[in-house]
Asker: 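Here you go, one structure.
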There are 2 protein chains.
Amino acid sequence: MPRAGDGERNAAGVDPEQLWLRPAESRRGRKPSFSREQITETAVALADAEGLEAVTMRRVAAEVGAGVMSLYSYAPDKETLLELMVDHVSGELPATDARTGDWRADLKTIAHLQRALMLRHPWLPGALATRRSLGPHTLAFLESVLAALRPTGLDGAARLEAFAQLTAFVSGHVSYEIAQATAARSADRSAAEARYLATVAADGHHPELAEALAAPGRPLTPEATFTRFLDRLIDGLDSD
Amino acid sequence: MPRAGDGERNAAGVDPEQLWLRPAESRRGRKPSFSREQITETAVALADAEGLEAVTMRRVAAEVGAGVMSLYSYAPDKETLLELMVDHVSGELPATDARTGDWRADLKTIAHLQRALMLRHPWLPGALATRRSLGPHTLAFLESVLAALRPTGLDGAARLEAFAQLTAFVSGHVSYEIAQATAARSADRSAAEARYLATVAADGHHPELAEALAAPGRPLTPEATFTRFLDRLIDGLDSD
DNA sequence: TCTATTCTCGTACGCTGTACGGAATGAATG
DNA sequence: CATTCATTCCGTACAGCGTACGAGAATAGA
């Protein structure tokens, strides 16, 4: 399972049974004007376009064309809405049940798909850092990763841990990748930072930093770096 | 450098030159009643005791015995205060300049120190997920890791990236570790979750999940898992 | 003593998530 | 058909957040 908490006090959230196991058999009462799907999709689109911090209840409601408090008929709180968003985009991951016979290759393929998903939804690593989803799409993905991990010979707990570790790795890498890209894009900020680092490097107390900054080497593509670290991680997965 | 951003709109922060390069030569004017150090330490203590979300400007001010707005004489905004906190605790990392001659062992030692730091300050992974510090302690630590990485033969950019990747890995792992521990501690929540997962596992569509949950295997200590993944990552560091 | 400078902090504003409760809706019941 | 009652819709309100503003207090140099 993906990680959660991150040192904050346990965010708790809502009972997963209540959240995910609802055939929704409301016979009586007023007909819903919106749908959970619709609201979730709107929130996802908003996060894609303007970042996770643009996703406020008021903003989502406005975008959907509903009153703010109407959202609370579809999700008990904002935290839950975020879980719905995470699970929703997880549905974009194809259920690659076609195993090639080489589990390492399979896992690498999966990780690259996960990376692509996170690049498509740059808010996803940030959202995953503080919560996890146990929704149907997430569980389907978990299921397929567990299947891919079967040939490793790892036991149950270890397979679950490997899944968490891989997700955390991809998430961490994409975070870094995005940070680099946006830093390069906002010129002022990164220029000030570069000047500051140059100052520090020139003080004589940071020779290693000075050299690392001076000799950048061939610029690796993020993709290449990702692949390299990923391969290390996966290749060593079944040892001991 | 550690990661930042996490898909959120660039939090920006404040010019690092303004922040970190200040001999503070105020001759005239009223004497400060507090100090940046004091405020930072208070905030760290608060986060240690009650989590990162307890660190509000009002709360820190109250704890310090100052008015809320007085904090803004010492840090231009909350984001900066968090950077100060991150750099402050980074000062607890010993500058292990004693290299053993085995760079892999050196890096593993460093990573274990980092993990211990994060376990001591459980809010740190969460804080690191959205920002990074370029303060003196952080840079000193960076310097020592770069030195340890020198024998790998990686070029400048690759060494910086390796540092970021290692930090992200440790951070990710400790997040997971903490989440597991706190989940186990809050009985209600994890019981509901276990029941839900059991339901899902029983639906026939998640055989892998069912088996992974059923056959937990010997319970690995977090420490052991950490070491195992860390070793994989570091052992493969110089290949390409 | 006067003046320039700096720190202190009460008040206030706009933002957040969401509790509450009344109005609207519509299926089930009498 | 009238009534009941579950359900959804949502305006209002509240506590809490980060922080802009500016008035007052303190201090060093002139």
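In what follows, chains carry the letters A, B, and so on, assigned in the order in which the sequence lines appear, proteins first and then strands, with residues in each chain numbered from 1.
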Asker: Kindly indicate whether the side chain of R58(B) and the base of dG16(D) share any N or O donor-acceptor pair separated by less than 3.5 Å?
Answerer: no

Asker: Roughly, in whole Å, what's the span from CG in L81(A) to P in dT18(C)?
Answerer: 10 Å

Asker: Would you please classify the geometry between the F34(A) ring and the Y74(A) ring as parallel, tilted or perpendicular, with 30° and 60° separating the classes?
Answerer: perpendicular

Asker: The side chain of Y74(B) lies closest to which of these nucleotides: dT18(C), dT16(C), dC7(C)?
Answerer: dC7(C)

Asker: Does Y72(B) make a side-chain N or O approach to OP1 or OP2 of dG18(D) shorter than 4.0 Å?
Answerer: no

Asker: So, is S70(A) close to the dT8(D) phosphate, meaning a side-chain N or O under 4.0 Å from OP1 or OP2?
Answerer: no

Asker: Using whole Å, what does the distance between atom P of nucleotide dT12(D) and atom CE of M57(A) come to?
Answerer: 19 Å

Asker: Report yes if a side-chain nitrogen or oxygen of S33(A) is closer than 4.0 Å to either non-bridging phosphate oxygen (OP1 or OP2) of dC9(D); otherwise report no.
Answerer: yes

Asker: What integer distance in Å separates R36(A):CZ from dC9(D):P?
Answerer: 13 Å

Asker: Could R131(B) and E83(B) be called an ion pair, given the rule that one side-chain N must be under 4.0 Å from one carboxylate O?
Answerer: no

Asker: Looking at dT7(D), dG18(D), dC20(C), which one has an atom nearest to any side-chain atom of R30(A)?
Answerer: dT7(D)

Asker: Roughly, in whole Å, what's the span from NZ in K78(B) to P in dA20(D)?
Answerer: 15 Å

Asker: Under 4.0 angstrom, heavy atoms only, what part of the nucleic acid is A66(B) near: base, sugar-phosphate, or nothing?
Answerer: sugar-phosphate

Asker: Could you report the tightest heavy-atom contact between F226(A) and A111(A), atom names first, then the distance?
Answerer: CZ-O, 3.8 Å

Asker: Looking at every strand, decide which applies to F34(A) at a 4.0 Å heavy-atom threshold: base, sugar-phosphate, or nothing.
Answerer: sugar-phosphate

Asker: Would you say dA26(D) has OP1 or OP2 under 4.0 Å from some side-chain N or O of K31(B)?
Answerer: no

Asker: Rounded to the nearest 0.5 Å, what's the gap from CG on L84(A) to CG on L19(A)? Could you check?
Answerer: 5.5 Å

Asker: What's G29(A) touching, base or sugar-phosphate or nothing? Going by heavy atoms closer than 4.0 Å.
Answerer: base

Asker: Below 3.5 Å, does any donor atom in the side chain of R28(B) face an acceptor in the base of dT5(C), or the other way round?
Answerer: no

Asker: Checking all strands, does S73(B) fall into the base, sugar-phosphate, or nothing category for heavy-atom contacts under 4.0 angstrom?
Answerer: base

Asker: If you pin L71(B) and R59(A) to their nearest nucleotides in DNA chain C, which one's is more 5'?
Answerer: L71(B)

Asker: What is the distance, to the nearest angstrom, from the CD1 atom on I39(A) to the P atom on dC9(D)?
Answerer: 8 Å

Asker: Rounded to the nearest 0.5 Å, what separation is found between the CG atom of L166(A) and the OG atom of S171(A)?
Answerer: 12.0 Å

